[in-house]
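Everything below concerns the one structure shown next.
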Amino acid sequence: MKALAVILEAPESLSLRPVSLLPMGHGDLTVEIAWSGVSTGTEKLLWTGRMPPFPGLGYPLVPGYESVGRVIDAGRDVRGRIGEWVFVPGATCYADARGLFGGSARRVILPSARAMPVAESLGRNGTLLALAATAHHVVVGGNAPDLIVGHGVLGRLIARIAIALAADAPTVWEVNPDRRDADDYKVIDPAADERRDYRVICDASGEGELLDSLIGRLGRGGEIVLAGFYDRLSFAFPSAFMREARLRISAEFKPADVTAVTELIEAGLLSLDGLISHVEPAARAAEAYPIAFTDPACRKMVLDWSAL
C-alpha cells in the first residue's frame, strides 16, 4: 500500500509524494487522516535542520504528531475499531522514509493502542489534543504556574488548563501586541512587569536565551518550568544560587494527559476554540510549512487532507 505524505527531504526541502507503507499487523489500524497540525516547536527544528540528536532522526522523514481521522481497516485482533474517529500521535509505518514523527500523511498504520478515540465533533480542533495534553502535563507535573512566558497556542492552553483545574489565573508575558488577547487572565508586555517574586514561571516560548532573565524574576525557592524544546541551555549560576532556584523540564505528554484533557473538554471546562488561525489543503504543504514557521500572524497551521 502507498499513501501520500509530507516528506522533509532535507532541511528546508519539503514535498508531498507517495510513500510505501509497511504491512498492517494483527493489532494495527489503518487510519485515513482528515486533519494534521504543524508544530512550530519540534517540526520547526526539523525544518531548519537545528534538531538536536534524536532517536530516529534522519532525512527523508515524515513529520507530524497532531493528526485526526477515521479507522478504515484493522488487523484481525482489533477489527471492532473500524469506523472510529481517532487522534494519531504519529506513526512509523513507512518503508522508504523515516517516521519522525510520522503523522502527516493521508493514510497511516499504527498499533491500536496508540490511536486514541476522540469526538468527531471536535473537527480540526482535534489536532490540538497533543498540545493540550502537553499543557496538561506541564500543569499537573508540579505547582501550577503563576507566570507563563509566550502567548502562542501552547501558552494559551497552559493558562486555560490551569484555570480549568481551579488554579489561580496566571499572568502571561507576550512581546507581540497582536497576541495579547485573553478573557480570563491578563496578558502583558514583560517590560511593564516589575514583579520579582514569582513562584513558578513556565516558559512556553522556546527561547532558551530568556533563562537568565526568568531566574531574575523568581522568588526564593521558585521554579522555572521548561515547556518548549531547546537545543542547548545555559544560565548564570550566582543569580540562581541566591534564589535557590529549581528547574523542571516537562517532557512529552502521556496517554493519561490526552484522557484528562478529553474529559475537561467533555465537561465544558476546556475549550479549544480560537487557537487555529490557518488551514491549508494538504496539496499546499510546501507553502503551508514556511508560513507556519515565519508568519507572526500564524498561531497554528492545520493541513486539510480531505481533497486527496
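Note that the numbering runs from 1 along the sequence shown for the chain.
The backbone N or O of Ile276 sits nowhere less than 3.5 Å from a side-chain atom of Arg124 that would complete a donor-acceptor pair. In this structure, Asp203 contributes its side chain and Leu226 its backbone to no donor-acceptor pair below 3.5 Å. Asp73 places no side-chain N or O within 3.5 Å of a backbone atom of Thr30 that could act as its donor or acceptor partner. Between the side chain of Arg81 and the backbone N or O of Ser112 there is at least one donor-acceptor pair closer than 3.5 Å. Judged by distance alone, the side chain of Glu174 and the main-chain N or O of Asn176 form a donor-acceptor pair under 3.5 Å. Counting only distance, with no hydrogens or angles, the side chain of Arg79 and the backbone of Ala74 share a donor-acceptor pair below 3.5 Å.
Checked for salt-bridge contact, Asp197 and Arg220 miss the test: no charged N lies under 4.0 Å from a carboxylate O. We find that Asp184 and Arg160 are not joined by a salt bridge, their nearest charged nitrogen and carboxylate oxygen being 4.0 Å or further apart. The pair Arg199-Asp168 does not meet the salt-bridge criterion, since no charged nitrogen lies less than 4.0 angstrom from a carboxylate oxygen. In summary, Asp304 and Arg284 do not engage in a salt bridge, as defined by a charged side-chain N under 4.0 Å from a carboxylate O.
Heavy-atom neighbours of Arg50 CZ from other residues, nucleotides or ligands within 6.0 Å: at or below the threshold of 12. A 6.0 Å sphere centred on CD of Glu287 holds more than 12 heavy atoms belonging to other residues, nucleotides or ligands.
The closest side-chain donor-acceptor pair between Tyr65 and Thr42 falls under 3.5 angstrom. No hydrogens or angles considered: nothing links the side chains of Arg217 and Ser213 as a donor-acceptor pair under 3.5 Å. Residues Lys300 and Ser277 have side chains that never bring a donor and an acceptor to within less than 3.5 angstrom of each other.
Under the 4.5 Å side-chain heavy-atom criterion for grouping Ile, Leu, Val, Met, Phe, Trp and Tyr, Val139 is not connected to Ile249 through any hydrophobic cluster.
Partner of Leu61 under the side chain to side chain contact (heavy atoms under 4.5 Å, CB included) criterion, chosen from Ile7, Val6, Leu46: Leu46.
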Report task. Would you sort out whether Arg70 and Glu84 count as a salt bridge (charged side-chain N to carboxylate O under 4.0 Å, His left out), showing the intermediate values? Result -> CA-CA 6 Å; Arg70 190 177 307 282; Glu84 285 187 17; over 6 Å; no
